[in-house]
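First comes the structure, then the notes that go with it.
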Amino acid sequence: MKIQFTLDTLIALLALAASIYSIWRTNWLDKYSLEVTSLESEFSRGQILFGFLVTNTSTRVLKVEDLKMYLKNQELKALDIDIDEYDRKHSKSNSNSLFEYPSFIPSIDDRIYFEKPTLLSPGENFAVRIYLKHCPDKIVLTTDHRIKSLKKTKSFSVDDLNLNNVDNIKH
């Protein structure tokens with residue numbers, strides 16, 4: 001059998017190459033991706049108030065199913081602080097004043113918990129602010145689609161995200 005290389009064959013091969021490139025580029029551009037940004041930590045109410053933003057940087061809707069934080073491979077749990085009780089206990093009365101002011105002003109709860117699951121549209125983000133004993137060294141997100149090769153989880157190193165270490169603060 002003799003194979004002839006004609007202009008028709010050349011056009012067919014170019015069309016095949018263009019379609020393979022188009023499929024590869026479409027799949028490459030439509031990858032799911034998440035980013036963790038705006039890390040912050042502050043010493044508040046005797047504990048560390050740790051916060052960050054999770055942003056969907058892909059072009060598709062993504063569902064974040066789970067969020068965990070680790071310190072030296074030990075999972076960290078959010079502290080359940082009664083903010084009103086803490087503030088009431090640590091507020092100072094103004095007894096030397098000429099006017100009588102209430103010694104306790106109601107507290108503002110600035111915690112934002114992760115609600116499972118959370119749907120994120122392209123470019124949308126959600127914030128997390130919780131009290132912890134220590135700052136984590138790793139944040140792990142689990143989604144409903146693969147976001148890193150064949151895995152549905154992606155981990156972010158907090159050290160790489162330039163967080164000031166508040167674990168060394170003297171209490």
Side-chain angles (χ1 to χ4, degrees), residues 15-88 105-169 171:
L16 178 64
S19 66
I20 290 172
Y21 173 75
S22 175
I23 291 170
W24 173 80
R25 183 166 166 76
T26 300
N27 287 335
W28 182 75
L29 288 177
D30 283 345
K31 281 187 197 176
Y32 290 98
S33 62
L34 287 172
E35 292 299 323
V36 171
T37 58
S38 303
L39 281 157
E40 59 182 29
S41 64
E42 62 184 74
F43 193 69
S44 174
R45 295 181 175 102
Q47 303 298 331
I48 295 170
L49 181 59
F50 184 76
F52 55 93
L53 286 176
V54 176
T55 306
N56 179 4
T57 56
S58 65
T59 58
R60 298 168 149 185
V61 175
L62 187 61
K63 185 189 325 180
V64 179
E65 295 179 337
D66 198 14
L67 182 146
K68 293 182 180 178
M69 291 174 274
Y70 295 93
L71 177 64
K72 298 179 183 168
N73 294 327
Q74 296 289 326
E75 186 176 352
L76 297 175
K77 298 288 185 185
L79 299 175
D80 188 25
I81 297 174
D82 185 352
I83 291 175
D84 287 332
E85 182 64 32
Y86 182 90
D87 288 350
R88 194 173 289 116
I105 299 171
S107 303
I108 297 174
D109 188 356
D110 49 2
R111 294 177 286 190
I112 304 171
Y113 291 104
F114 170 68
E115 296 180 17
K116 296 180 187 179
T118 299
L119 278 176
L120 289 176
S121 297
E124 188 179 8
N125 60 31
F126 68 86
V128 174
R129 286 176 56 93
I130 55 174
Y131 285 98
L132 298 169
K133 284 264 187 220
H134 304 282
C135 283
D137 58 5
K138 183 168 56 170
I139 299 169
V140 178
L141 298 169
T142 305
T143 64
D144 62 336
H145 293 285
R146 293 176 300 172
I147 54 175
K148 187 175 181 184
S149 60
L150 298 175
K151 297 179 182 177
K152 292 184 176 183
T153 62
K154 185 172 181 182
S155 63
F156 299 89
S157 174
V158 173
D159 295 335
D160 294 343
L161 298 170
N162 298 326
L163 174 72
N164 295 333
N165 189 358
V166 296
D167 285 338
N168 297 328
I169 294 176
H171 305 312

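Bear in mind that the values here come from a model prediction, so they are computed numbers and not experimental data.
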field: Atom pair CD (E65) and OG1 (T118), whose distance is rounded to the nearest 0.5 Å
entry: 10.5 Å
- request: Could you tell me whether the side chain of R146 reaches within less than 4.5 Å of the side chain of K151, counting heavy atoms only?
  value: no
query: Are any side-chain N or O atoms of N125 and backbone N or O atoms of L53, one a donor and one an acceptor, separated by less than 3.5 Å?
result: no
message: I'd like to know whether L39 forms a side chain to side chain contact (heavy atoms under 4.5 Å, CB included) with F156, so could you lay out the CA-CA distance, the side-chain angles of the two residues, the decisive distance to 0.1 Å, and finally the verdict.
response: CA-CA 11 Å; L39 281 157; F156 299 89; over 6 Å; no
query: CD1 of I130 to CG of L49: how many Å apart, nearest 0.5 Å?
result: 9.0 Å
Rounded distance [0.5 Å steps], CG in L79 versus CD in Q47: 5.0 Å
- request: Check H134 against I48 and note the closest heavy-atom contact, atom names and distance.
  value: CA-CD1, 3.9 Å
- prompt: Can you find a pair of side-chain heavy atoms, one from T143 and one from Y32, that are under 4.5 Å apart?
  reply: no
Heavy-atom closest pair, residues V140 and S155: CG2-CB, 3.8 Å
Taking every non-hydrogen atom, the tightest pair across N56 and L120: ND2-O, 3.0 Å
- request: Show the numbers, then the answer: is there a side chain to side chain contact (heavy atoms under 4.5 Å, CB included) between M69 and L67?
  value: CA-CA 7 Å; M69 291 174 274; L67 182 146; 4.1 Å; yes
message: Can you tell me how far apart CZ (F50) and CD (E42) are? Round to the nearest 0.5 Å.
response: 12.0 Å
- prompt: Where is the tightest heavy-atom contact between I112 and A127, given as atom of each residue plus distance?
  reply: CG2-O, 3.2 Å
- line: Residue pairs meeting salt bridge (Lys or Arg N to Asp or Glu O under 4.0 Å), one or both in residues 69-80, sequence neighbours left out, come to E75-K77
query: Given V158 and F52, is the side chain to side chain contact (heavy atoms under 4.5 Å, CB included) satisfied, shown in steps?
result: CA-CA 10 Å; V158 173; F52 55 93; over 6 Å; no
query: Just wondering, more than 12 heavy atoms not from K154 lying within 6.0 Å of its NZ?
result: yes
By salt bridge (Lys or Arg N to Asp or Glu O under 4.0 Å) - contacts of K138 (at least two apart): none
field: Pairwise distance CD1(I147) to OG1(T153) - rounded to 0.5 angstrom
entry: 7.0 Å
- prompt: By side chain to side chain contact (heavy atoms under 4.5 Å, CB included), which residues pair with K116, not counting sequence neighbours?
  reply: D66, F114
Candidate pair I139 and V128, rule side chain to side chain contact (heavy atoms under 4.5 Å, CB included), full reasoning: CA-CA 12 Å; I139 299 169; V128 174; over 6 Å; no
query: Does P122 reach the side chain of V61, with side-chain heavy atoms less than 4.5 Å apart?
result: yes
message: If I take atom CG from residue L76 and atom OH from residue Y70, how far apart are they, to the nearest 0.5 angstrom?
response: 9.5 Å
- prompt: Taking the side chain from S58 and the backbone from R60, do they hold a donor-acceptor pair closer than 3.5 Å?
  reply: yes
